[in-house]
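Written out below as structure tokens is the structure these notes cover.
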Amino acid sequence: MDEIALKLLPLVVAMLLGSVLIALVETKLKSLFAYVVLVIIVIGSSVPAIRALAGHPLEVIIKNPQVFGDIPIRIDALSGWFILIINLTMLTGGFYGIGYLKAYRKENTNLSLHWILMVIFHLSMLSVCVIQNGLLFLIAWEIMSLSSMLLVIFEHYKPETLRAGLNYLVQMHLSVVLLTLGVAGLYLQTQSFDFSSAMQLDNAAILPLFILLFLGFAFKAGFMLGFIPLHTWLPHAHPAAPSHVSGIMSGVMIKIGIFGILRMILLFPLSKTGYLEIIGWIILGVSLASGLYGVMLAIIQHNLKKLLAYHSIENIGIIGMGIGLGCIGLGIDNPYLSAAGFASALLHTLNHSLFKSSLFYAAGNVYRAAHTLNLESLGGLFRKMPHTALLFLLSALAICGLPPFNGFISEFILYGGLYQGSLHARPVGALLLILTILGLALIGGLAMLCFTKAFGIVFLGKGRKPLPESDWQEGPGNLIPLYVNSGLILAIGLFPATFVKFLSAPLALFIPNFNLSFFNFELLDNLQQVSRATVGLLAVSLIMLGIRYIVTHRTVQEVAPTWGCGYNGGAERMQYTATSFVRMYRKLAAPVLLVHRKNVEFPEIFPHEKRTYETHPEDALEANLIDIPIDLMQRFLSFFRFIQNGKIQNYLLYGLVFLFLIGLLSWSKLI
Amino acid sequence: MKAIILILFAISLLNISISNRLRGFARLLTLQGFLLFVLAFIQLNEVTILNLVFVLLETLVFKTIVLPLFLDYVIKKNRITRETEPYVPYFVSLLIVTVIILASFIIVQQIEGLSGNTLFFIVALSTIFTGLYIIISRKKLITHLMGYVVVENGVFILSLAIGNEMPMMVNTGILIDLFIGVLVMGIFVNKIGDVFQEANNEYLSQIRD
Amino acid sequence: MHGLILILIVSLFFGGIVVKTKSICAGRKGPGIFQPLKDIWRLIRKGAVFSETATILTRIAPSIYFASVLLAVGCIPFGNVRGLLSFQGDFVFFAYALALGKFFMIIAALDTGSSFEGMGASREAHFSMLAEPAFFGVIGSLALYTGRTSFLDIFTYLHFGNYLSYALGSVMLIILVILTLIENSRMPVDDPNTHLELTMIHEVMVLDYSGFDLGLIQYTTNLKFAMYAALMANLFTGTLRALPDILIFLGTGFLLAVIVGGVESFTARLRMGRIPQFAFSLTSYALLLFLLVLFITGRFS
Amino acid sequence: MVFGYYFGLALLIIAGLVFSRRTQGHLILLGLFNLLQWSLTAYAGLHLNSGTGFFKVDALAVIMLVVLSILATTSSYHSVFYLQHHHRLHSTPERAQSLYYAGLCLLIMAQTGAFLASHIAVTWIFVEITTFAATIMIYHERSEESIEAAWKYLFVCSVALTLAFTGILFLGIAAEEAGTVNLFYDSLVTHAPVFNAFWLKMAFLLTLIGYSAKMGIFPMHTVTIDAHTVAPPPVSAFISTTLMNVGFVGIYRMYAVVARTSSFTWAKHVLLIVGMLSVFVAVVYLVRVRHFKRMFAYSSLENMGLVAIGLGVGGLAYYAALLHLIFHSFTKASMFYQIQQVHQMFRTYVIRKTGGYFRNYPAGALVMLLCFICIAGIPPSGLFISEFLLIRAMLAERIFAILVTLLVLLTFAIWALGKNFMQLIFAEPDQPIGIQSETLNPIHSLSQFVLLGLVIYLGLNPPPQMVTLINEAIKIIQ
């Protein structure tokens, strides 16, 4: 056990002790103390991660002969990158959590459980990135899902939160089942739990195991694989969770699914099987579908957090496209393509965790101020919380991939890769790639529609319903995480080359003979130009604002009611609402979407009560691919209700019937 | 000689299936107990005093004298009405018992390599299955108890068929267990009798899902 | 650098020519070519009235809109001289910069809280979303044809191949013209001089603007027109030297203005329900173009 | 002769318990009995594979004895609290308390006898005694329901055991044809290949059906579920764990006899069918159960189904089955001990009427949460390790169809368990809670923390002795 391991062990033990102490600290200091524990974990884990990214990975073997065999702890560049993302989001999430949970000061036990789970959740995510022993990986994976489920049901007195938590638990269990099958199959082939043993897998076994593990990880990532809806837990779990938890979960826990897929692509000798290119195409197609599906459903949602949750599916689609492109590049061994693909995937994981978590924190502020997230009853919040509004706008721009921000950079690299691919691929490949480009552009457009609606309806215009009196104020507690994230978003947007340089180490893992100079020449120089463009955009707009100020500050500026064609009754109810804003889209996308409309018509000529019109967006895939099979199974199970009906005669009859049945079966040689 | 007794035993089975009065049922049980005694007496060739006393005690005393008295006591104490109230009409249960006897006959024929006493097996198997059938098809609690005794008689015949191999001590240990079972059940029927006026099965199915 | 100056010049007189052609078609003399420019100059010096519900966003949106279009213009090369910004994949930056401008205009429209502007914003968002993939399709087919992925390289290598590239160029021209009409919401998509707020798209979004901001927005629309004209011109300049390039640039700008004016005079506005099909048909044209290119480059063996 | 002393002393203590009236007397005798039990286990542990007359100590017996002793001490510990609490509410007569304690000790003694027996009929006798002992304790609350449950349990178990006895007789017939005389397990195992296949199959089938009433798997599982519902929590903790182990040992030893013969694959298929049917029936009722103890009973049925599947699959699955049995005993026992405190708080076992347990009694809620994690086989718990080994064995045996249906059924089970546990721990109760949580001092939950800690610790890195013991026990079959 070399000295690094000695250093690791006390860290883990100290953290577990720390988390126990949280329960004892009295309420006011509890959140702060827990945050200090989190910070210590962040520091402790970032050091090896940065050293791994800088090029020398860490490997520790722990012996446990009976159950696990030897447990390798490896921190290589890929896990280093993901550890940094986790730590960053945990820092901002934890800080925001302190502010957010002030309102729950009176529920002491609930708070201490919450913060202990937060520490366990953080530790389990780090261990998932680090552990390379199959069985222990499964245990860490499940602890992660379990602790996140318990974090989600923080407001457990609401029945729908419990239902969402339970739905989430079962879906995560399915993910573990798939992973268990994969690991068990792996063990059968190679007699050892060590992931790196997957190298000697023989050809026949690679594909089924890869598919099993891929499905398991895709569950957590929230892919929508055509007829296998793995994403349905996202839109239920996120609205139910408190904002800082949903921020952390969608910011980083989904990425652990992506990490799993990347780790598998790294470990499984797919190139040996020759299927790598086809797998790449499948992943690309699937991610495009889930990207489109995610954003198409996000647009028609009424609940702000549900909208953001569906949007996470879209961004996972974009990351998936990067991975798919990378695999295709590896398949036809075109280094530029694979570098572009994996670089865009890795960078987009960082970008998404930045802007998605700040969007959720902003949604948390909205919830604190308006006690509701229903878009139909929000509006005009800009006055009440200008900082949050502007930072929400900044993240919304970033998520749509618009230039001066980080979303644009990863999509730019992806576009570069897709175009490069279409140049060299076979005709059919070129056609498919162009279709992906068109899809990606359409996703960009749809994202813009979705976020103009979200930002415009929530923050601008007049309030659609009177705001409940709430003593919540915009303070440093709930703004600093947003500012930190926005600062990073802008920094990556303006100076992409410095950040993409970090990616060279993880990329070297993926691309076999990866020469750094090629990477610098092709990708980094181009990004230098891009940074000149984005900086130019920012400079020009600032100059224009300066000119505008010089020209207009002397002229008279008056304020008057909005132009209403002469109608000057209150405009609150005349404003465009969220549903009306996307009505044209809903008509266009009607076949894909499932929207229930309740329409109360005027019963008689002179109507007494008012006419109401309600729409409830449903997830079409979830409705008929999950709900219908479940209640079919339910009905099938209820046929067998008669067994335990209390009569002694029947109880004895079952014994005889069983005897007779087995006699018949063995007589007819069936058994 | 053994064959005649076994045939008599089979006839008593048929009568049990159509006995509509509890008293008739109890008297048939006594007959079965007596037949068992004669059968055991003939079957046991190595007659040691201990064995003889034990078998005598077990069949003659318990099955033919103590058990019927105990059953009458329970019937009188709980004022159980005399009908055996089966779910299935008597005629049909008669058919079923005959089918059971035929079936066990066919099964025993199927198995080759039986050392001579095939009739023992036929009667034993049919007694066990008839006993189970009676339990399943009767509503009243007391008939369950009686059905259980019939099953026990079947087991006793089976153990006689191969009795001399089984060490006597183990064999008797088992039979004692069965008798204790019957006694405890009888006590329970009394307890149930006190709580539920009419001790049949409608009351006894509250615990269900 | 002089590509940028040329586009600015074209943008100055573009609005005037469109109004001129429309008035000539209607048999009127119509105002001078530089009349729109004078209006803009008047607006810039006037004071402004802002709606009470408007926030700071309404004030900064037009400037960012203008800045983004300016940056997009900077990307366009002039003949074989590189534009202000030229790098691999600069057309992605071009499209997304325009999208940034649009984003700000849409939320600025929603800011005033009036139902008309909401309607305009919603329509603007939908049509630009539907039209955007077309641009990428066109550029994709160009890139496939020339094997390069930046504006400058595409346009310079466009005409190396055989004469077919000019046929290709003309098909692309038609798509780009329709794209211009949709992006700037001219006649087939929206009637600029209608007075009924319910039918407007672009004009209703700027209903509550006045003074400097309104002037800036109007100038930016002209600038966008000039930008698309420059893009079309690049299709044909190929490897010619500087002087004919300038002529071609100014010529295409003039020609585009005449076409826009003509279309506005002779066609009626499409029904609101048919516009999405019209916008999305562009994307299918682009796909068709791509297949054509695949066929031309003989990759379809 | 050690066993003779044990049984003699045990019977003496039981007699003392029946006749003594004072509660201190009961406590002393109970303590004495536990001491006796632990000393026997220690003796058995040290003298592996020794034994005279009808009793022999082998690896399987030692494992089961250790589990039995641990749960005996915890059960008697909780029975004392239960009787005090019950006495305060219903002022149960002295006689009922002494009968309860006597029944408990009789049950423990009978189970020890069943584990150690080396003759097939001796096992049967002790199992019959366990039925009587269990019936006494089920009948403890003297309510209408307890009479019904006790009667049913007694009657159906007796009929089932009679079927088991006919199985033994068939085995006797088979032995007689093959010429051997005695029915000791060792001689049976050596002579089994010679037996007539039909009698052997019939014997195995009847023993399986007979002991299924005890082990709580498919054909005769119905009465054990009613028994759990009515019996006092410490007793149902005992019935649903160690009594099921007794049933398992009965079937396991018979399975060992069949293992060496040609009809072994037939027996494996029968066990697979029984296992799958039990899991299916368990899920049918888990999805719609309303009462906590019934839910625990059905979850026992499901876990015993998994054990039966483990036996049916073979190879690595034997190890998984035994591991599953041990961990299930500890988890299920701690669940029943904790439900005793839930009953003290909510006065009911109906799931819908409970809720807000976390807010009012965090220690208990934490135990319940750990119980849910362990019983559902969610990774940190040992049950996940055994299920993982089972999945690995099924993959090795290429039984994919059964594996997929099993996983689907287990997912439904987890959904149902999750729903009910979440209702208890987190949901809002619709009627105000009975007593304040002060009277529920966390000391009562201490035993559950120990048991659950054991399950998790033994799962992750089991001590070498335990692993060798289990492998020894498996050698009986291989």
Side-chain angles (χ1 to χ4, degrees), chain A residues 380 382 393 397 400-403 408 412 415-416 419-420 422-423 427 430-431 434 437-438 441-442 444-446 448-449 452 455-456 460-462 526 529-530 532-533 536-537 540-541 544-545 548 551-552 555-565 571 574-576 580-582 584-585 588, chain C residues 44 46-53 55 57 60 63-64 66-68 70-71 74 85 87-89 92-93 96-97 99-100 103 106-107 110-115 118-119 121-123 125-126 128-130 132-133 136-137 140 143-144 147 149 197 207-208 211-212 276 283 287 290 294 299-300:
Chain A
F382 198 99
L393 174 62
L397 291 170
C400 297
L402 297 175
F408 172 71
F412 175 79
Y415 270 113
Y419 275 111
Q420 206 64 32
S422 70
L423 298 185
L431 192 62
I434 277 297
I437 291 170
L438 295 187
L442 192 60
L446 288 168
M448 205 166 82
L449 174 64
T452 42
F455 179 74
L460 304 177
K462 295 197 182 66
N526 206 8
Q529 309 279 349
V530 170
R532 269 183 50 235
L537 179 64
V540 168
S541 22
M544 271 319 295
L545 287 173
R548 180 182 180 289
V551 168
T552 58
T555 58
V556 61
Q557 308 283 326
E558 285 147 21
V559 173
T562 324
W563 165 259
C565 283
M574 267 193 357
Q575 283 179 96
Y576 246 53
S580 53
F581 189 75
V582 285
M584 186 184 292
Y585 161 77
L588 284 176
Chain C
I44 283 175
K46 279 178 67 178
V49 173
F50 289 100
S51 137
E52 59 207 7
T53 58
T55 61
L57 277 177
I60 61 170
S63 318
I64 295 178
F66 175 73
S68 62
L70 203 62
L71 257 295
L85 303 161
F87 45 88
Q88 297 295 335
V92 175
F93 179 77
Y96 273 74
L100 177 73
F103 191 99
I106 291 169
I107 50 172
L110 284 171
D111 193 9
T112 49
S114 92
S115 56
M119 203 184 297
S122 150
R123 287 181 189 137
H126 281 92
S128 72
M129 166 188 79
L130 291 170
E132 203 167 306
F136 282 93
L144 184 69
T149 56
E197 285 83 0
L207 212 54
D208 262 79
F212 178 81
T283 322
L287 259 179
F290 186 78
L294 270 180
R299 296 264 287 274
F300 235 132

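Since the model is a prediction, treat every value here as computed from it, not as a measurement.
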For a 4.5 angstrom cut-off between non-hydrogen side-chain atoms, does [X] reach [Y]?
| X | Y | value |
| --- | --- | --- |
| Phe50(C) | Glu558(A) | no |
| Met584(A) | Pro276(C) | yes |
| Ser128(C) | Met448(A) | yes |
| Leu393(A) | Phe103(C) | yes |

Is [X] in contact with chain A via its backbone, its side chain, both, or neither, using a 4.5 Å heavy-atom distance?
| X | result |
| --- | --- |
| Phe66(C) | side chain |
| Leu110(C) | both |
| Leu100(C) | both |
| Ile44(C) | both |
| Ile106(C) | side chain |
| Leu70(C) | side chain |

(message) Using a 4.5 angstrom heavy-atom cutoff, name the option from Gly456(A), Ser541(A), Ala533(A) with the most pairs to chain C.
(response)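 The residue among Gly456(A), Ser541(A), Ala533(A) with the greatest pair count is Ala533(A).
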(request) Give the member of Thr555(A), Leu438(A), Leu588(A) that has the highest number of heavy-atom pairs under 4.5 Å with chain C. (result)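 Among the listed options, the one with the most contacts to chain C is Leu438(A).
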Heavy-atom cut-off 4.5 Å, strictly under: side chain, backbone, both or neither for [X] against chain C?
| X | value |
| --- | --- |
| Val556(A) | both |
| Leu537(A) | both |
| Ile434(A) | side chain |
| Leu545(A) | both |
| Thr552(A) | side chain |

If you count heavy-atom pairs under 4.5 Å between each of [options] and chain A, which one has the most?
| options | answer |
| --- | --- |
| His126(C), Gln88(C), Lys46(C) | His126(C) |
| Ala121(C), Ala125(C), Ser115(C) | Ser115(C) |
| Ile60(C), Thr283(C), Ile107(C), Leu287(C) | Ile107(C) |

(request) Please work out which of the three classes, parallel, tilted or perpendicular, describes the rings of Phe136(C) and Tyr415(A), given edges at 30° and 60°. (result)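 The rings of Tyr415(A) and Phe136(C) lie parallel, inter-plane angle below 30°.
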Would you give the length of the straight line joining atom [atom1] of [X] to atom [atom2] of [Y], rounded to the nearest 0.5 angstrom?
| X | Y | atom1 | atom2 | result |
| --- | --- | --- | --- | --- |
| Ser114(C) | Lys462(A) | OG | NZ | 8.5 Å |
| Gln575(A) | Thr112(C) | CD | OG1 | 8.5 Å |
| Met129(C) | Tyr585(A) | CE | OH | 7.5 Å |
| Phe93(C) | Arg532(A) | CZ | CZ | 11.0 Å |
| Gln420(A) | Thr149(C) | CD | OG1 | 5.5 Å |

(message) On a heavy-atom basis, which atom in Pro133(C) and which in Ala441(A) lie closest, and how many Å separate them?
(response)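 Where Pro133(C) meets Ala441(A) most closely, the heavy atoms are CA-CB, 3.9 Å.
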(request) Specify the closest pair of heavy atoms between Gly147(C) and Leu423(A), including all atoms of both residues, with the distance to one decimal. (result)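 Answer, listing the atom of Gly147(C) first, then Leu423(A): O-CD1, 3.7 Å.
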(request) Say whether, by atom type as modelled, one donor and one acceptor occur between the side chain of Ser122(C) and the main chain of Phe581(A) under 3.5 angstrom. (result)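 Checking the backbone N and O of Phe581(A) against the side chain of Ser122(C), a donor-acceptor pair under 3.5 Å is found.
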(message) Suppose we screen for ring-ring contact (aromatic ring centres under 6.0 Å, His included). Which residues come up paired with Phe455(A), at least two apart in sequence or across chains?
(response)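 For Phe455(A) the ring-ring contact (aromatic ring centres under 6.0 Å, His included) partners, ignoring immediate neighbours, are Phe459(A).
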(message) For a side chain to side chain contact (heavy atoms under 4.5 Å, CB included) check, start with the C-alpha distance between Phe382(A) and Asp111(C), then their side-chain angles and the critical distance, and finish with the verdict.
(response) CA-CA 10 Å; Phe382(A) 198 99; Asp111(C) 193 9; over 6 Å; no
